Protein chains: 2
Amino acid sequence: MVTLSEVARRARVTAATVSNVLRNREKVRPETAERVLKAIAELGYRPNLNARALAQGRSSTLALMLSNIANPFYPEFVVAAERAARQAGYFLMVCNTDDDAQIGRAYLNQIAGTLVDGVLVMNTDTAMNELCIAAMRSAPILLAMWEHPEKPPALPCVAVDFAQAGALAAQHLLGLGHRNIGMLIGDGCGGLQDARSNGFRTALAAGGVVRATVEMVVRDSIDSGYEACMTLMATHPGLTAIFATNDLLAIGAIQALVGMGHAVPGDVSVIGITDIALAHQVRPALTTVAIQTEASAALSIRSLIRLIDEPLQGPSMVIAPAPALIMRDSTGPRRKRNARAAKAGA
Amino acid sequence: MVTLSEVARRARVTAATVSNVLRNREKVRPETAERVLKAIAELGYRPNLNARALAQGRSSTLALMLSNIANPFYPEFVVAAERAARQAGYFLMVCNTDDDAQIGRAYLNQIAGTLVDGVLVMNTDTAMNELCIAAMRSAPILLAMWEHPEKPPALPCVAVDFAQAGALAAQHLLGLGHRNIGMLIGDGCGGLQDARSNGFRTALAAGGVVRATVEMVVRDSIDSGYEACMTLMATHPGLTAIFATNDLLAIGAIQALVGMGHAVPGDVSVIGITDIALAHQVRPALTTVAIQTEASAALSIRSLIRLIDEPLQGPSMVIAPAPALIMRDSTGPRRKRNARAAKAGA
DNA sequence: ATGAAAGCGCTAACAC
DNA sequence: GTGTTAGCGCTTTCAT
């Protein structure tokens with residue numbers, strides 16, 4: 001490995017000068033700089049980032065902790081986060097906890113403040129939250145995609161107004177005439193997605209529908225959305241619409257409905273939340289409430305970096321861009337014959 | 001930040017002893033060790049991984065470079081790779097190059113040998129290949145998911161027998177009686193997926209079918225699979241089966257077929273390669289050739305670590321577990337009426 | 001079994 | 001402008 005001092009020797013300067021050339025190009029005479037640059041090129045020198053990190057006390061690396069990158073939502077977030085990090089001069093280390101708190105804990109203990117300058121954490125449950133608070137001593141931690149803007153956590157966070165997302169979904173369904181609605185509530189990876197379902201319920205009530213016909217809590221996946229929807233339709237055949245707290249569930253629901261011979265949206269409408277890429281790739285394309293994943297990821301990274309640059313005690317919350325309804329092909333007006341069926345089923 | 005020497009002072013020993021406690025627990029007297037452990041706990045000491053990396057000359061971190069983690073295949077690979085790395089005592093840093101050679105280059109230059117002890121690279125095109133070879137000077141590089149076992153690259157690699165995968169797909173379709181077959185060939189993220197298509201063609205010929213009725217090269221995504229399949233069916237209405245070099249294309253093809261009113265597999269069979277999670281989640285569930293992603297990822301990580309432990313000059317190739325046909329619901333026997341249509345279309 | 005000391009490769013004051 | 005000098009926090013001989 002070629003070191004700074006080897007470069008220095010060859011350029012007939014001292015290590016400090018080489019270091020200066022590498023950063024504040026101001027304080028070194030052009031000719032000298034050129035000599036140094038030449039030596040660097042000839043030797044194929046590349047700075048040792050570990051040494052630099054040690055000397056500077058900062059590694060220019062960020063960590064992103066998430067529960068399971070196999071969930072299609074995360075990769076989309078990761079892409080945007082990595083891009084934002086890179087543009088700000090940081091590396092991004094993605095830590096997959098495999099839904100295992102022990103692993104999350106191990107990562108946090110090991111890397112916070114030593115390998116990385118800050119950590120972005122997604123989907124914290126209460127246990128994870130404690131760990132994060134403890135880890136704050138070592139390095140800035142920021143919660144991304146916080147689901148409860150109305151109750152800020154004890155840590156800095158970027159919140160998404162999921163209640164609003166739920167409300168938009170409800171208003172859309174109500175506007176289409178649906179009154180007999182089933183809900184699929186995901187358990188996320190850090191607790192129930194209840195901000196979304198609460199927002200939905202509230203808007204439903206505001207629209208004159210006392211409550212959803214039926215609610216079901218399920219694991220966050222296409223498969224469980226499928227299973228759950230089968231159950232829902234078996235027990236409540238009159239449903240004319242299904243709201244799922246996330247797109248995976250909604251996609252599973254569509255498949256179940258189609259599989260059972262129901263037309264979507266002819267017989268039953270389906271709406272989700274998130275707008276993952278898959279949402280526009282399935283047929284019928286999924287109507288959903290987009291939560292601006294990319295913007296949120298970039299905002300989270302920027303906020304974390306700000307936190308690193310100017311440490312700030314205590315919590316602070318920034319709200320991500322508002323959710324927006326994306327109308328596609330899985331929702332449509334309630335049909336007459338379903339109206340009757342709905343009565344029967346309710 | 002609590003340092004080693006603070007711990008040492010409190011435990012009334014020297015830094016070396018603390019360090020010894022932290023690794024070779026052998027050479028330190030139990031009572032001393034206990035005192036040290038106590039001090040560590042009381043102070044909440046956590047080793048600075050950068051300092052350790054600098055002193056040891058190794059960071060216990062691996063990098064995984066991939067072109068675009070938004071492609072659903074990668075997250076599945078990443079999960080397995082991260083798990084294998086963690087179990088071997090390594091961190092995994094996922095580097096998303098965003099399909100941009102410049103970014104790949106920058107990553108390689110910056111991290112190889114300084115931040116990470118080794119790099120796993122996926123989907124190298126020739127340009128990337130050159131970069132990797134150059135980077136080998138700094139740290140071991142290993143190509144994962146190499147598509148051409150018959151021509152080993154100039155770097156160590158873990159190869160997957162994709163030709164065999166293509167052959168399995170061909171044999172399956174032939175066995176079902178299909179003779180009028182369309183091919184969708186993905187352009188991957190580092191060149192055509194031609195090992196797969198060649199394997200398919202060869203097996204087709206061996207089965208007495210001179211060649212596929214029609215071939216199309218397309219970008220690697222559900223959307224382009226959809227578009228391409230529309231075109232294919234418009235120009236060759238007699239096709240009774242479609243082979244896609246990867247599952248995304250196959251899934252898009254199914255959607256197109258269903259959208260056009262063809263039954264799958266009743267009228268047209270569809271088969272892919274890879275067996276991503278989505279393959280069993282779509283309807284009809286996709287018949288595909290599984291390439292043992294998890295095993296391959298774990299094998300790649302282990303091989304890379306071996307390369308780090310005992311550096312080895314020159315290329316070396318290890319073959320991942322063989323592909324296997326996964327029969328699901330998107331393929332079925334050729335139907336009579338299609339046989340006629342096939343004649344017409346051929 | 002423990003301590004002393006050197007050094008990993010780089011940065012950052014401060015002199016000159 | 002450039003050199004000198006100290007570290008950053010840890011590991012690792014080598015003495016003791």
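Note on naming: letters A, B, ... go to the chains in the order of the sequence lines (proteins, then strands), and numbering restarts at 1 for each one. Values below: every heavy atom of this structure, side chains too, minus hydrogens, waters and symmetry copies. Keep in mind it's a predicted model, so treat the numbers as computed, not measured.
Residues A/Phe77 and A/Leu66 fail the side-chain proximity criterion, which asks for heavy atoms closer than 4.5 Å. Counting heavy atoms from C-beta on, the side chains of A/Val78 and B/Asn96 never come closer than 4.5 Å. With a 4.5 Å cut-off on side-chain heavy atoms, A/Ile319 and A/Pro149 count as touching.
Note: CG (A/Leu54) to P (C/dC8) measures 13 Å, nearest angstrom. Between the CE atom of B/Met1 and the P atom of D/dC8 there is a distance of 12 Å, given to the nearest Å. Summarising the geometry, the separation between CG on A/Leu22 and C1' on C/dC10 is reported as 10 Å, rounded to the nearest angstrom. Protein atom CD1 of B/Ile40 is 16 Å distant from nucleotide atom P of D/dG9, rounded to whole Å. Taking atom CZ of residue B/Arg58 and atom P of nucleotide D/dT12, one finds them 10 Å apart after rounding to whole Å. Counting to the nearest Å, the P atom of C/dG9 and the CD atom of A/Glu6 are 8 Å from each other. When the C1' atom of D/dG7 is taken as reference, atom CG of B/Leu4 falls 16 Å away, rounded to whole Å.
Using a 4.0 Å cut-off between charged nitrogen and carboxylate oxygen, A/Arg35 and A/Glu31 do not count as a salt-bridge pair. The pair A/Asp98-B/Arg86 meets the salt-bridge criterion, since a charged nitrogen lies less than 4.0 angstrom from a carboxylate oxygen. Ion pairing of B/Glu6 with B/Arg10 is absent here, as no side-chain N (NZ or NE/NH1/NH2) approaches a carboxylate O to less than 4.0 Å.
For A/Gln56, taking side-chain heavy atoms from C-beta onward, the closest of the listed nucleotides C/dA12, C/dC8, C/dC10 is C/dA12.
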### Message
Return a single string for nucleotides 1-7 of chain C, one symbol per nucleotide in 5' to 3' order, where B is base contact, S is sugar-phosphate-only contact and - is none, cutoff 4.0 angstrom on heavy atoms.
### Response
SBBB---
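Interatomic distance, B/Arg105 CZ to B/Met128 CE, rounded to the nearest 0.5 Å: 11.0 Å. Within the model, atoms CZ of B/Arg302 and CG of B/Leu142 stand 12.0 Å from one another, a figure rounded to the nearest 0.5 Å.
Near DNA chain C, meaning a heavy atom under 4.0 Å away, the residues from residues 41-52 of chain A are A/Tyr45, A/Pro47, A/Asn48, A/Ala51, A/Arg52.
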### Task
Dump the intermediate steps for side-chain hydrogen bond (donor to acceptor under 3.5 Å, both in side chains) on B/Thr114 and A/Arg46, then the final yes or no.
CA-CA 8 Å; B/Thr114 75; A/Arg46 290 156 50 247; 5.3 Å; no
